[in-house]
A.B. asks: 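Sharing a structure, written as structure tokens. Questions coming.
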Number of protein chains: 2
Amino acid sequence: MAGPVVDPPAASAVTPKAGYHHGDLRAQLIAAVAELVESHGPDGFSVAEAARRAGVSSAAPYKHFKDRHEILRGVVAEAMDRLHAAMEAGAAAHPRGSLEAIAAVGLAYVDFARTGPGVFRLVFGLTEGHEDDPDLMAKGDQCFGVVQQAVADCLRLSPADPEVERRAYMLWSFVHGHSFLTIDMKHKVASTGTDDWTYLMAVAEAILRRP
Amino acid sequence: MAGPVVDPPAASAVTPKAGYHHGDLRAQLIAAVAELVESHGPDGFSVAEAARRAGVSSAAPYKHFKDRHEILRGVVAEAMDRLHAAMEAGAAAHPRGSLEAIAAVGLAYVDFARTGPGVFRLVFGLTEGHEDDPDLMAKGDQCFGVVQQAVADCLRLSPADPEVERRAYMLWSFVHGHSFLTIDMKHKVASTGTDDWTYLMAVAEAILRRP
DNA sequence: CCCCCATGTGAGAGTTGTTAACTTTCGCCG
DNA sequence: CGGCGAAAGTTAACAACTCTCACATGGGGG
């Protein structure tokens with residue numbers, strides 16, 4: 001790729017290092033890359049620029065990551081952890097088995113997408129050399145697990161019940177689709193006619209209170 | 001980027017040119033890029049490699065596209081046309097206003113995603129310099145229009161009716177989400193427990209046969 | 001206290017994006 | 001029919017980027 005990747009080649013939110021040994025480079029690189037992905041799209045980042053932002057030479061990142069793809073994977077892993085935590089928190093904020101708990105999980109998902117559309121798309125668009133990174137797959141399953149558990153609680157069934165899996169999948173498609181559409185079409189917002197919470201409650205009700 | 005972008009640096013499905021003047025370079029570049037995106041991810045393509053595949057010098061593409069982003073946009077535009085056509089065809093294959101017509105539109109969508117996951121993701125992940133390319137937005141609206149029309153027919157209301165918009169959006173979220181999940185988790189397929197058609201019919205019914 | 005190795009630096013090879021100046025070919029007009 | 005201008009290709013060049021290798025550094029465990 002040619003041309004400078006960013007507008008102000010310096011200046012960043014990640015505070016640079018202190019001495020020769022950085023002490024926290026790996027995390028700072030991930031933060032810097034997340035920022036870049038957010039502002040310039042998934043292929044609008046460069047290892048070099050991330051290094052610059054962290055205040056290290058352009059070769060330093062390769063002590064922590066095999067190649068640029070591995071950095072992306074790092075960003076995704078971190079993001080999925082955050083997503084998982086947010087979903088758990090959403091569920092925990094309401095009585096177990098309530099529809100509210102389910103809607104809250106969905107809302108956490110949508111909020112996650114809206115506050116970091118670039119990273120969100122990265123998370124679900126990663127298909128380079130890591131189609132089946134076991135670590136990422138595990139984290140993905142962990143997230144789905146939250147939905148599954150909430151649905152199981154609501155239906156008073158085991159999480160492994162096929163009926164639970166079916167409805168959890170339905171719910172997730174819905175939330176996932178809404179998240180994507182909502183960040184793709186920032187124009188014509190409020191296509192739902194209502195706010196997210198009401199919308200998600202309606203969906204949860206429709207999917208869970210049926211034969 | 002470093003390193004060759006593809007495995008066999010030559011050999012391609014797009015047959016190279018004939019004489020000095022290629023005659024069809026623009027289209028062949030788009031085809032080549034679509035192939036690359038499909039096999040190496042959205043940022044796994046390079047203008048140079050696309051040119052190589054089309055049998056021209058690496059500067060030739062710039063006679064047809066301003067920069068690499070414009071090539072991507074070309075790929076997306078072509079893909080959206082195909083998607084739109086497939087959706088229309090799906091709707092046309094069933095009686096107007098039937099649930100089947102709606103399910104068929106959804107199935108076209110899902111099939112499109114499945115047969116070209118890379119391009120599909122590209123279509124809905126394009127956020128570089130063209131967040132609001134009027135041409136692409138128009139094509140997007142065209143696609144949503146098919147859903148909207150099918151829903152309107154089914155409910156016997158005007159496509160502009162807010163109720164139609166609301167349900168069309170719901171339906172689209174669902175289909176969109178299912179499409180994404182289906183290509184993301186190729187593993188644990190058939191999470192729905194049924195085939196796509198049955199699934200989509202159930203969803204259409206649930207969303208359209210309600211207060 | 002000292003040495004070791006994880007973590008940094010610098011230079012360099014190879015690739016890419018993009019532009020500029022050129023050349024070739026096609027079709028059209030006098 | 002000749003030539004000419006625009007469209008479409010080529011080569012050359014530059015800056016940036018990825019990634020490697022040999023070397024430097026310094027903090028923590030023996």
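It should be emphasised that the depicted structure is a prediction, and the values quoted were computed from it without experimental measurement. Proteins come first, then strands; the chains are lettered A, B, ... in the order of their sequence lines, and each starts at number 1.
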A.B. asks: Taking the minimum atom-to-atom distance to the side chain of A:Lys63, which one of D:dC17, C:dG8, C:dT18 wins?
C.D. replies: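 The answer is C:dG8.
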A.B. asks: Please check if the side chain of B:Gln148 supplies one atom and the backbone of B:Pro159 the other of a donor-acceptor pair under 3.5 Å.
C.D. replies: yes
A.B. asks: Of the nucleotides D:dC17, D:dC19, D:dT11, which one has an atom closest to the side chain of B:Ser57?
C.D. replies: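 The answer is D:dT11.
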A.B. asks: Closest to the A:Ala48 side chain: D:dC17, D:dG9, D:dC19?
C.D. replies: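 Of the options given, the side chain of A:Ala48 lies nearest D:dC17.
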A.B. asks: Applying the ring-ring contact (aromatic ring centres under 6.0 Å, His included) criterion to B:His176, which one of B:Phe112, B:Tyr169, B:Phe124 satisfies it?
C.D. replies: B:Phe124
A.B. asks: Which of the following nucleotides, C:dG17, D:dT18, D:dT10, is nearest to the side chain of A:Val47?
C.D. replies: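 Comparing C:dG17, D:dT18, D:dT10 against the side chain of A:Val47, the answer is D:dT18.
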A.B. asks: Heavy atoms from C-beta onward define the side chain here; which of D:dT20, D:dT10, C:dT9 lies closest to that of A:Tyr62?
C.D. replies: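 Taking heavy atoms from C-beta onward, the closest nucleotide is D:dT20.
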A.B. asks: Could you tell me how far apart B:Asp43 (CG) and D:dC17 (P) are, to the nearest whole angstrom?
C.D. replies: 15 Å
A.B. asks: Between C1' on D:dT18 and CZ on A:Arg52, what's the gap in Å once rounded to a whole number?
C.D. replies: 12 Å
A.B. asks: Just how far, in rounded Å, is C1' of C:dG8 from CZ of A:Arg26?
C.D. replies: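 Answer to the nearest Å: 17 Å.
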A.B. asks: Using atom CG of A:Leu72 as one end and atom C1' of D:dC17 as the other, report the distance to the nearest whole Å.
C.D. replies: 15 Å
A.B. asks: Where the side chain of B:His64 is concerned, which of D:dC21, C:dT16, D:dA8 is the nearest nucleotide?
C.D. replies: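 Minimum distance to the B:His64 side chain belongs to D:dA8.
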A.B. asks: Provide the closest heavy-atom pair for B:Ile183 versus B:Ala113 in the form atom of the first, atom of the second, distance.
C.D. replies: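 The pair with the smallest heavy-atom distance is CG2-O, 3.6 Å.
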A.B. asks: Please state how far atom CG in B:Leu25 lies from atom P in C:dT25, giving the value in whole angstrom units.
C.D. replies: 16 Å
A.B. asks: Whole-Å distance between D:dC17 P and A:Ile71 CD1?
C.D. replies: 13 Å
A.B. asks: Which whole-number value in Å describes the distance from B:Leu29 CG to C:dT18 P?
C.D. replies: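 That distance rounds to 14 Å.
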A.B. asks: Rounded to the nearest 0.5 Å, how far does CD1 of B:Ile30 lie from CZ of B:Phe65?
C.D. replies: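 Between atom CZ of B:Phe65 and atom CD1 of B:Ile30 there are 4.0 Å.
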A.B. asks: Nearest whole Å is fine: how far is C:dT16 P from A:Arg68 CZ?
C.D. replies: 13 Å
A.B. asks: Verify whether the ring centers belonging to B:His94 and B:Trp197 lie closer than 6.0 Å.
C.D. replies: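 They qualify: ring centres under 6.0 Å apart.
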